A.B. asks: 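Mind looking over this structure? Questions follow.
Just so we're clear, the structure is a prediction, and the values are computed from it rather than from any experiment. First the proteins, then the strands, lettered A, B, ... as listed; each starts at 1. Side-chain atoms are counted along with the backbone in the values below, which use heavy atoms only and exclude waters and symmetry mates.
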Number of protein chains: 2
Amino acid sequence: MEEPKASRRDLTKAQNREVILTAARSVFAQMGFAKATVRDVIRATPLASGTFYNYFKSKEEVYQALRDEAALAIRPTLRQARLAAETQEEFLSSGFRTFFAFLQSRQDEGAVAEASRFRMDSPEVLAGFAELREDLEKAIARGVFAPVDAGLLTSCIVGMAFELAQQVKAGREVEDATRFATALVLGGINAAA
Amino acid sequence: MEEPKASRRDLTKAQNREVILTAARSVFAQMGFAKATVRDVIRATPLASGTFYNYFKSKEEVYQALRDEAALAIRPTLRQARLAAETQEEFLSSGFRTFFAFLQSRQDEGAVAEASRFRMDSPEVLAGFAELREDLEKAIARGVFAPVDAGLLTSCIVGMAFELAQQVKAGREVEDATRFATALVLGGINAAA
DNA sequence: GACGTTCGTGACGCCGCGTCAATTTCTCTT
DNA sequence: AAGAGAAATTGACGCGGCGTCACGAACGTC
């Protein structure tokens with residue numbers, strides 16, 4: 001039995017971590033990740049500067065933690081949608097739709113006011129790519145998907161998804177992007193088979 | 001007549017700029033963009049620290065200049081290949097092939113040893129996206145391409161290209177990636193029409 | 001060759017970085 | 001309840017990078 005033993009220590013520890021992450025979200029959104037400093041984050045907090053380093057090694061690690069958080073939040077939903085799919089169309093459209101809707105709902109935080117476009121994939125995000133690949137392979141094995149190179153297809157889907165996400169953030173309808181991406185991949189796969 | 005007037009001043013100015021860019025390429029490749037500092041770059045140069053700021057405002061601006069350089073180097077080739085294309089297949093495959101081969105030939109510099117994956121699009125790169133879109137629209141107008149939403153298709157192609165580029169850098173054959181991407185888009189478009 | 005302009009130089013003040021000894025806060029034992 | 005020990009917080013500190021600027025050298029012009 002893993003007794004959580006929610007001692008006072010463990011509690012404030014979790015709290016402090018969350019306080020820092022929340023402050024970082026706000027600071028990054030406000031002044032942009034590039035310009036923000038560890039000091040800016042900690043100043044938006046009642047904690048002392050040294051305390052920051054008890055929780056994170058750097059600004060980058062905080063950013064990763066935020067990305068990881070988002071990735072872990074959406075991955076189960078994506079998995080479920082894909083595993084439940086009984087057709088290629090369903091597999092693709094539910095995946096794209098879930099992804100776009102998720103990003104749109106968090107538009108505000110992700111909208112880090114950067115000078116130029118910029119993307120950084122944290123380990124959990126990469127793990128999400130691996131999950132998509134696994135799901136694709138399973139779907140192929142189940143006969144739901146035509147047999148194609150899962151690695152290359154994963155890259156294509158991921159690339160399309162992230163790039164189309166920009167358009168969604170710029171005002172495109174989630175359904176438009178979903179329909180287009182789904183049709184493209186679907187048609188391409190069927191043509192290849 | 002734009003007289004270049006290659007005076008001594010203009011010459012050393014161009015030289016210095018190139019010296020800094022070359023040093024930056026090397027420094028970024030060696031220690032990674034994130035860890036590198038303006039001082040590191042200028043130290044890899046016979047110039048003084050203050051001189052750097054006569055040419056660039058920051059480390060980021062140097063990085064952008066490098067990206068811009070690459071984008072400007074490949075864009076004419078891409079344009080030409082696309083404009084000469086008389087079939088959808090040709091339009092897509094020559095574009096993908098050119099892009100992948102180009103990146104592979106510069107693998108060393110782009111291989112900035114970063115902690116996690118990271119991408120930043122400079123203005124000239126974005127302009128390249130706009131060019132692709134224009135060429136797609138022209139091709140549609142010419143009747144070479146089926147009529148689809150050029151904006152969404154641009155995003156899909158761009159996303160796929162950049163993501164597949166990762167695989168090429170990881171050892172995938174250029175031809176494999178080219179064939180796959182071409183077939184996918186081609187099939188998708190034809191299915192949509 | 002003399003004047004005006006442009007550019008390279010490096011020292012300077014400022015600030016963020018990551019550390020660490022001192023201190024406070026919590027936990028566990030008796 | 002008290003006290004010892006462990007763990008976490010604090011902020012001051014030294015280090016180094018940042019961007020600037022007054023100075024002098026190099027250059028173009030007449």
A.B. asks: May I ask you to say what B:Tyr55 touches in the nucleic acid, namely base, sugar-phosphate or nothing, with a heavy-atom cut-off under 4.0 Å?
C.D. replies: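 It contacts sugar-phosphate atoms only.
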
A.B. asks: Separation of B:Phe52 atom CZ from C:dC7 atom C1', in whole Å?
C.D. replies: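 About 16 Å, once rounded to whole Å.
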
A.B. asks: On DNA chain D, check which nucleotide each of A:Asn16 and B:Val38 is closest to and give me the residue with the more 5' one.
C.D. replies: A:Asn16

A.B. asks: I need the CG-P distance between B:Leu11 and C:dC7, as an integer number of Å.
C.D. replies: 14 Å

A.B. asks: Is the distance from OP1 or OP2 of C:dG8 to the nearest side-chain N or O of B:Asn54 less than 4.0 Å?
C.D. replies: yes

A.B. asks: Nearest-nucleotide wise, let me know which of B:Lys13 and A:Arg39 is further upstream toward the 5' end of DNA chain C.
C.D. replies: B:Lys13

A.B. asks: Tell whether B:Arg9 reaches the base of D:dA26 with its side chain through a donor-acceptor pair below 3.5 angstrom.
C.D. replies: yes

A.B. asks: Taking atom CG of B:Leu186 and atom CZ of B:Phe91, what is their separation to the nearest 0.5 Å?
C.D. replies: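 Those atoms lie 12.0 Å apart.
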
A.B. asks: Taking only Lys NZ, Arg NE, NH1 and NH2, and the carboxylate oxygens of Asp or Glu, determine whether A:Lys169 and A:Glu163 approach each other closer than 4.0 Å.
C.D. replies: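 Not counted as a salt bridge, because no side-chain N and carboxylate O are separated by less than 4.0 Å.
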
A.B. asks: Looking across every strand, which nucleic acid part, if any, lies under 4.0 Å from B:Asp40 by heavy atom: base, sugar-phosphate, or nothing?
C.D. replies: nothing

A.B. asks: Return the orientation label for the A:Phe129 and A:Phe162 ring planes: parallel under 30°, perpendicular over 60°, tilted otherwise.
C.D. replies: perpendicular

A.B. asks: Name the orientation class of the two ring planes belonging to B:Phe100 and B:Phe96 (parallel below 30°, tilted from 30 to 60°, perpendicular beyond 60°).
C.D. replies: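 Correct class here is parallel.
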
A.B. asks: Nearest whole Å is fine: how far is D:dG19 C1' from B:Ile42 CD1?
C.D. replies: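 So the CD1-C1' distance, B:Ile42 to D:dG19, works out to 13 Å.
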
A.B. asks: Under 4.0 angstrom, heavy atoms only, what part of the nucleic acid is A:Thr37 near: base, sugar-phosphate, or nothing?
C.D. replies: sugar-phosphate

A.B. asks: From OH of B:Tyr53 over to P of C:dT6, roughly how many Å is that when rounded to an integer?
C.D. replies: 23 Å

A.B. asks: Mind checking whether A:Phe33 and A:Phe118 have parallel, tilted or perpendicular rings, split at 30° and 60°?
C.D. replies: parallel

A.B. asks: Output the rounded distance in Å from CG (B:Leu47) to P (C:dG10).
C.D. replies: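 Taking CG of B:Leu47 and P of C:dG10, I get 10 Å after rounding.
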
A.B. asks: Calculate the interatomic distance between A:Arg8 atom CZ and D:dT9 atom C1'; express it in whole Å.
C.D. replies: 14 Å

A.B. asks: Over how many whole Å does the gap from B:Asp10 atom CG to D:dC27 atom C1' extend?
C.D. replies: 11 Å

A.B. asks: Nearest whole angstrom, please: distance from the P of D:dG17 to the CZ of B:Phe56.
C.D. replies: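 Value for this atom pair: 20 Å.
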
A.B. asks: Check whether any side-chain N or O of B:Arg43 sits under 4.0 Å from OP1 or OP2 of D:dG17, and answer yes or no.
C.D. replies: yes

A.B. asks: How would you label the contact of A:Ser49 with the nucleic acid (heavy atoms, under 4.0 Å): base, sugar-phosphate, or nothing?
C.D. replies: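 Counting heavy atoms under 4.0 Å across all strands, the contact made by A:Ser49 includes a base.
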
